[in-house]
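A quick note: this is a predicted structure, and the numbers were derived from the prediction, not measured. One-based numbering, in listed order, for ligands and for the atoms of each.
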Amino acid sequence: MRKKTSSKPWSGRFTQETNKLVEEFNASISFDKRLYKHDIMGSIAHARMLAKVGIIAKKEADKIIAGLKAVEKEIEAGRFKFTPDLEDIHMAIEKRLIEKTGPVGGKLHTARSRNDQVALDIRLYLRDEIKEAQGLIKDLQKSLVNIAKKNIDCIMPGYTHLQRAQPILFSHHLLAYYEMLKRDYERFADCLARVNVIPLGAGALAGSPYPLDRDFMAKELGFAKPTDNSLDSVSDRDFCIEFCSAAAILMMHLSRFSEELILWSSQEFGFVELSDSFSTGSSIMPQKKNPDVPELVRGKTGRVYGNLTALLTVMKSLPLAYNKDMQEDKEALFDTVDTIKECIKIFSPMLQTMEINKERMLDATKGGFLTATDAADYLVKKGIPFRESHRIVGRIVAYCIKNKKALDDLTLKEWKGFSGKFEDNIKNTISAKASINSRKTKGGTALEAVKKRLKEIEREMR
Ligand code: ARG
């Protein structure tokens with residue numbers, strides 16, 4: 001007679017207790033407890049299906065479902081003790097169910113493996129989280145649109161190489177981020193379509209000998225359809241990787257925006273001032289006001305990239321089908337979800353409370369020859385080839401630098417000294433406002449073009 005071993009549901013073929021270190025090492029309950037709601041939701045659908053196809057009696061299903069709901073209540077009330085000996089959330093819930101319902105609870109796991117169960121749980125969980133993240137992205141887009149509208153004609157320098165390049169509207173600059181976020185939203189929508197399939201019924205790896213109704217379960221849980229290959233169903237985590245990849249791109253966008261806010265709020269730029277309520281001080285330098293929030297968003301981008309790399313690396317050499325390595329998917333995924341949500345959430349109020357220093361921005365467009373291209377284009381309109389006009393204006397800029405003048409300071413006589421084609425209206429042409437408003441092409445910075453885009457955006461956001 002063998003010695004009775006632990007209470008583990010899989011302990012039948014074992015003659016020794018699990019080593020304590022192994023128990024701790026193996027357990028995922030400390031983090032996968034977060035899946036409890038989705039685990040129970042999936043189990044309820046599974047129980048209903050088992051009854052529907054006659055594997056268990058309707059009465060038994062009812063008992064199991066009532067038991068699962070009671071366990072859920074216990075967890076929600078904080079009365080559930082998540083200890084490592086329970087291994088993972090799936091076994092923890094099942095064990096408690098059996099304690100509550102007696103042997104009938106032991107029928108729940110018929111025609112199911114933890115392998116298809118965990119794949120289902122992650123998909124259910126991620127589906128909710130994607131929708132939430134999309135809602136947050138929409139909120140941030142709304143904030144951007146509001147700030148753009150309020151400051152529609154505020155002028156700033158546009159940059160290339162972080163060198164002042166051409167004047168642009170600040171609203172146009174903000175709306176560039178609207179477009180990035182729009183694509184982020186779409187990437188999550190694409191990902192959602194691939195998340196939204198149900199793996200349940202795949203069993204451990206080979207499918208099920210029971211007459212399961214996978215379409216019924218799909219319908220019960222709001223999935224588009226069941227997966228098409230049992231091996232793939234339990235071994236695939238590319239949907240998590242896809243999510244983390246979309247999240248990494250989103251963070252890259254937020255990080256670039258953060259970098260700009262950090263630069264703009266420096267004394268060197270002085271374009272914006274973050275609200276005191278969104279800044280922090282220094283413990284030693286009394287004068288300091290630091291942009292910690294955008295810095296942290298920029299910094300947290302690193303961990304989101306890291307999570308993506310971790311998942312790709314975990315999966316890269318795994319033979320089909322399930323391997324325990326895959327338990328490592330969850331922390332990276334959860335951390336990514338938490339991080340992106342907290343970063344998008346903090347961005348809107350930070351932007352809304354930020355002061356915009358319009359004068360500083362406008363001043364920065366002066367004295368840097370930002371409308372030199374406009375002067376060259378002026379000559380092109382008078383029939384001079386662009387290469388030639390570029391050279392002429394280059395000489396004018398050199399002259400201005402030498403004589404400490406802005407383009408604005410030049411007299412018509414000085415202009416004419418470089419080309420007889422310059423007329424009095426060159427003065428208007430080279431104003432920041434004229435430069436901006438001449439760029440009327442679709443997607444350009446002209447006030448007219450920006451207003452047009454805002455109209456379209458209003459329709460998009462509805
Ligand atoms: N805790 C496991 C995980 O997260 C659940 C699946 C366990 N499957 C198994 N065959 N041991 O991956």
Side-chain angles (χ1 to χ4, degrees), residues 5-14 17-19 21-43 46 68 71 75 80-98 106 108-129 195 198-208 227 229-241 243-244 307 310-338:
T5 54
S6 72
S7 58
K8 293 193 170 35
W10 42 254
S11 65
R13 59 101 69 218
F14 287 79
E17 284 284 344
T18 315
N19 179 293
L21 283 174
V22 174
E23 193 158 277
E24 295 267 349
F25 190 65
N26 194 38
S28 52
I29 185 112
S30 63
F31 49 88
D32 66 15
K33 62 182 179 200
R34 143 168 355 202
L35 295 173
Y36 79 90
K37 232 184 193 345
H38 298 102
D39 193 75
I40 289 172
M41 196 189 286
S43 287
H46 181 66
L68 285 167
V71 175
I75 297 175
F80 200 100
K81 287 257 170 307
F82 296 99
T83 50
D85 61 299
L86 294 169
E87 199 169 318
D88 58 27
I89 189 65
H90 325 294
M91 298 210 326
I93 290 173
E94 192 188 336
K95 184 169 179 242
R96 188 73 189 117
L97 174 71
I98 294 169
L108 171 64
H109 209 54
T110 317
R112 189 175 71 168
S113 154
R114 270 187 296 156
N115 297 351
D116 53 355
Q117 188 178 357
V118 71
L120 169 67
D121 290 5
I122 304 174
R123 285 176 186 275
L124 283 169
Y125 160 81
L126 200 52
R127 210 169 62 171
D128 284 350
E129 293 294 356
V195 168
I198 183 168
L200 212 57
L205 73 162
S208 177
T227 50
N229 180 299
S230 62
L231 291 171
D232 179 46
S233 310
V234 290
S235 63
D236 156 43
R237 291 293 181 273
D238 60 18
F239 65 96
C240 298
I241 295 174
F243 172 80
C244 287
N307 290 337
L311 280 186
L312 285 166
T313 313
V314 164
M315 296 304 292
K316 74 181 266 290
S317 317
L318 299 186
L320 302 188
Y322 179 84
N323 300 266
K324 191 68 172 219
D325 314 44
M326 289 160 69
Q327 183 165 283
E328 288 291 306
D329 60 1
K330 277 164 226 57
E331 284 160 295
L333 182 66
F334 295 162
D335 185 64
T336 302
V337 165
D338 292 343

Within ligand 1, which atoms have a heavy atom of [X] less than 4.0 Å away?
X: K330; answer: 3 (C), 4 (O), 12 (O)
X: S28; answer: 1 (N)
X: D88; answer: 1 (N), 2 (C), 5 (C)
X: Y322; answer: 2 (C), 3 (C), 6 (C), 7 (C), 8 (N), 9 (C), 10 (N), 12 (O)

Could you tell me the residue and atom name of the protein heavy atom closest to [atom], and the distance to it rounded to 0.1 Å?
atom: atom 10 (N) of ligand 1; value: N115 OD1, 3.0 Å
atom: atom 11 (N) of ligand 1; value: R114 NH2, 3.6 Å
atom: atom 1 (N) of ligand 1; value: Q327 OE1, 2.8 Å

Original post:
Applying the side chain to side chain contact (heavy atoms under 4.5 Å, CB included) test to L120, which of N115, L35, L200 qualifies?
Top reply: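 When N115, L35, L200 are each tested with L120, the side chain to side chain contact (heavy atoms under 4.5 Å, CB included) holds only for L200.
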**OP:** Nearest 0.5 Å please: distance from the NZ atom of K33 over to the CG atom of D88.
**Re:**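 Rounded to the nearest 0.5 Å, the NZ-CG separation comes out at 13.5 Å.
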**OP:** Starting at NE2 of H46, measure out to CG of D39 and round the result to the nearest 0.5 Å.
**Re:**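 Those atoms lie 11.5 Å apart.
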Original post:
Does NZ or CZ of R123 lie under 6.0 Å from the centre of the six-membered ring of F239, at an angle within 45° of the ring axis?
Top reply: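 The answer is yes; both the distance and angle limits are met.
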**OP:** Answer yes or no: is there a side-chain heavy-atom contact under 4.5 Å between D232 and D236?
**Re:**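 Yes. Closest side-chain heavy atoms under 4.5 Å.
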Original post:
Do the two ring centres, one from Y36 and one from F80, sit under 6.0 Å apart?
Top reply: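 So the answer is no for these two rings.
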